[in-house]
Every structure is written in C-alpha cells, then in structure tokens.
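Right, one structure below, let's go through it.
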Amino acid sequence: MRYYGTQAIAASLTVPALLACSQRPATEEVLFSNPVSDLASVVMTSAVTFDAQTTSDGTGSLKIGTADSITVQLYEVGDIDLDNSRLVYRAQLRTEGVEGYVFLEMWCRFPGVGAFFSRALHAPLTGSTEWTSQETPFFLEEGQNPDHVALSVVVTGAGTVWVDEVALVKLPR
C-alpha cells in the first residue's frame with residue numbers, strides 16, 4: 001500500500017509541474033514579418049517571381065524555379081537591438097519535384113567579428129510537399145548583437161519552391 005502511495009505523491013507533484021511548463025507562453029517579439037504580397041523588398045529578384053495563385057495565407061508567395069543548386073537571399077534586416085536571446089527565422093515552404101533538398105538559411109553579421117549562419121538542416125524538404133512550416137534558430141549570448149541579418153532559402157538541386165509568411169522573431173534564450 002505504501003508503494004502506491006509514494007507513486008501517487010510523485011505523480012501529483014510531477015503532473016502539475018509538467019502542465020505549468022507546457023502552459024508557459026514564450027514572449028515573442030516580431031522583428032520582421034512579410035506575408036508576401038509582392039516582390040517589393042526581396043533582395044534577389046532575378047531568381048524569384050511572385051505567384052498570386054499558390055499561397056499558404058491568401059496573399060501570394062515567392063516562387064523559385066531552378067535547374068541547379070541555388071541560394072536565394074530573400075530579405076535583409078538591420079538595425080535590430082538584441083542580445084542574450086534566440087533569433088528565429090520562420091517561413092512556410094512548399095516544394096514540387098525538388099531533386100535535392102530545400103531549407104532555410106540565416107546569416108548574422110557581427111561588427112568586427114564576421115558573419116555566421118544557421119540552417120534548418122534538421123528538417124530539409126525534398127520531392128513534392130504541401131505547405132510546411134520551417135524555422136532555424138540563432139542563439140545569441142550576452143554582448144552578441146548582429147548589425148545585419150540575411151534571410152535565405154537554399155535549394156540543393158533542381159525543382160520548384162514556394163515561400164510564404166516569412167518572419168524573424170526574438171524569443172527568450
């Protein structure tokens with residue numbers, strides 16, 4: 001009887017702790033957001049077209065069609081003030097006939113130090129997929145503050161990729 005009593009006490013302490021952790025909302029600050037309704041702020045317009053028909057949110061998407069591997073820089077973000085936080089690049093991706101892999105890539109440039117990248121290699125897309133949410137984080141320590149962030153999509157082979165609902169957010173570390 002005592003054995004079950006100990007388990008019951010442990011369970012009664014563990015379950016509320018787990019629920020409290022899962023209900024704790026993360027404070028998210030949107031630093032850049034683009035629902036993609038045109039090509040106005042796209043950096044590499046030579047590699048991208050606007051597609052008003054294929055969209056995850058109804059506003060249109062960016063379409064990248066390639067016969068070979070390509071890295072397409074979509075957006076640049078500067079003048080952000082953050083450190084000791086998590087920088088997350090998010091987007092909705094859809095693929096058709098991709099022979100290689102597709103993933104997000106974010107470059108952060110630090111004054112006097114150089115540029116460093118983060119890639120969503122943990123979940124690359126290949127072949128044909130429906131809209132899929134993808135993100136890649138960059139963990140910033142105290143005193144690390146990038147002066148420039150580049151948001152890109154990497155395609156390692158032929159195929160078509162659509163990009164929609166692009167965002168760069170700051171989360172607690």
Side-chain angles (χ1 to χ4, degrees), residues 26-52 54-66 68-96 98 100-126 129-141 144-173:
T27 305
E28 181 174 288
E29 179 184 345
V30 178
L31 303 172
F32 172 83
S33 178
N34 193 326
V36 184
S37 56
D38 56 35
L39 293 174
S41 55
V42 173
V43 175
M44 283 183 64
T45 55
S46 62
V48 178
T49 58
F50 176 72
D51 186 339
T54 307
T55 176
S56 67
D57 64 359
T59 63
S61 66
L62 302 176
K63 182 179 179 182
I64 303 165
T66 183
D68 205 357
S69 297
I70 188 170
T71 297
V72 180
Q73 186 176 348
L74 299 176
Y75 302 104
E76 295 178 324
V77 181
D79 290 333
I80 54 177
D81 186 24
L82 56 114
D83 66 357
N84 196 27
S85 57
R86 185 169 28 136
L87 192 59
V88 178
Y89 167 29
R90 294 181 183 148
Q92 292 290 319
L93 301 175
R94 181 178 177 187
T95 62
E96 184 176 288
V98 172
Y101 295 104
V102 176
F103 52 88
L104 299 179
E105 179 180 76
M106 171 173 47
W107 281 86
C108 293
R109 185 180 67 200
F110 299 90
V113 179
F116 302 88
F117 65 86
S118 173
R119 294 179 175 146
L121 294 174
H122 60 283
L125 301 177
T126 190
T129 64
E130 288 302 317
W131 288 107
T132 305
S133 181
Q134 193 174 80
E135 64 180 39
T136 187
F138 199 102
F139 294 91
L140 299 165
E141 295 180 8
Q144 292 180 331
N145 188 16
D147 66 347
H148 180 263
V149 178
L151 308 175
S152 303
V153 171
V154 177
V155 185
T156 66
T160 305
V161 180
W162 290 267
V163 184
D164 205 354
E165 299 181 64
V166 177
L168 181 65
V169 298
K170 174 187 172 183
L171 293 165
R173 194 165 153 78

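If you read the sequence from its start, that first residue is 1, and numbering goes on from there.
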Ignoring hydrogens and angles, state whether a donor on the side chain of Thr66 or Asp68 is under 3.5 Å from an acceptor on the partner side chain.
-> no

So, for Phe50 and Val36, which heavy atoms are closest and what is the spacing to 0.1 Å?
-> CE1-O, 3.9 Å

Starting at CZ of Phe32, measure out to CG of Leu151 and round the result to the nearest 0.5 Å.
-> 6.5 Å

Kindly indicate, with the supporting measurements, whether the criterion side chain to side chain contact (heavy atoms under 4.5 Å, CB included) is fulfilled by Val98 and Val161.
-> CA-CA 8 Å; Val98 172; Val161 180; 4.2 Å; yes

Can you tell me if Gln134 uses its side chain to pair, donor with acceptor, with the backbone of Ala123 under 3.5 Å?
-> yes

From Lys63 atom NZ to Thr54 atom OG1, the distance as rounded to the nearest 0.5 Å | 6.5 Å

Thr95 side chain vs Thr129 backbone, donor-acceptor pair below 3.5 Å | yes

Residues Ala150 and Gln73: closest non-hydrogen pair is CB-NE2, 3.4 Å

Of all heavy-atom pairs between Thr71 and Met44, which one has the smallest distance, and what is that distance?
-> O-SD, 3.7 Å

Does the side chain of Leu31 come within less than 4.5 Å of Leu82's, by heavy atoms?
-> yes

Does some side-chain heavy atom of Pro146 sit less than 4.5 Å from a side-chain heavy atom of Leu140?
-> yes

Keeping the roles fixed (side chain from Ser69, backbone from Thr156), state whether a donor-acceptor pair exists under 3.5 Å.
-> yes

For the atom pair CG (Asn84) and NZ (Lys170), what is the distance rounded to the nearest 0.5 Å?
-> 9.0 Å

Close side-chain approach of Val155 to Val72, heavy-atom, < 4.5 Å = no

Tyr89 side-chain N/O to Ser152 backbone N/O, donor-acceptor pair under 3.5 Å | yes

Test item: Trp162 and Glu96 side chains (from C-beta on) under 4.5 Å apart, heavy atoms | yes

Got a donor-acceptor contact below 3.5 angstrom from the Ser85 side chain to the Arg173 backbone?
-> no

Quick one: CG on Asn34 to OG on Ser41, what's the gap to the nearest 0.5 Å?
-> 5.0 Å

Closest heavy-atom pair and its distance - Asp83, Gln144 = CB-O, 3.1 Å

When rounded to the nearest 0.5 Å, the distance separating CG of Asn145 from CZ of Phe110 is 8.0 Å

When Arg86, Arg90, Glu29 are each screened for side chain to side chain contact (heavy atoms under 4.5 Å, CB included) with Val169, the one that passes is Arg90

Are any non-hydrogen side-chain atoms of Asp57 and Asp164 less than 4.5 angstrom apart?
-> yes

Under 4.5 Å between any side-chain heavy atoms of Phe103 and Leu93, yes or no?
-> no

Thr136 (side chain) donor-acceptor with Leu104 (main chain) under 3.5 angstrom | no

Rounded distance (nearest 0.5 Å) linking atom CG of Asp147 with atom CG of Asp81 = 12.0 Å

Non-hydrogen side-chain atoms of Val149 and Phe138 separated by less than 4.5 Å | no

Any donor-acceptor pair under 3.5 Å from Thr126 side chain to Tyr101 backbone | no

For the student: nearest non-hydrogen atoms of Ser61 and Trp131, plus distance | CB-CH2, 4.0 Å

Residue among Gln92, Glu165, Arg94, Glu130 satisfying side-chain hydrogen bond (donor to acceptor under 3.5 Å, both in side chains) with Ser56 = Glu165

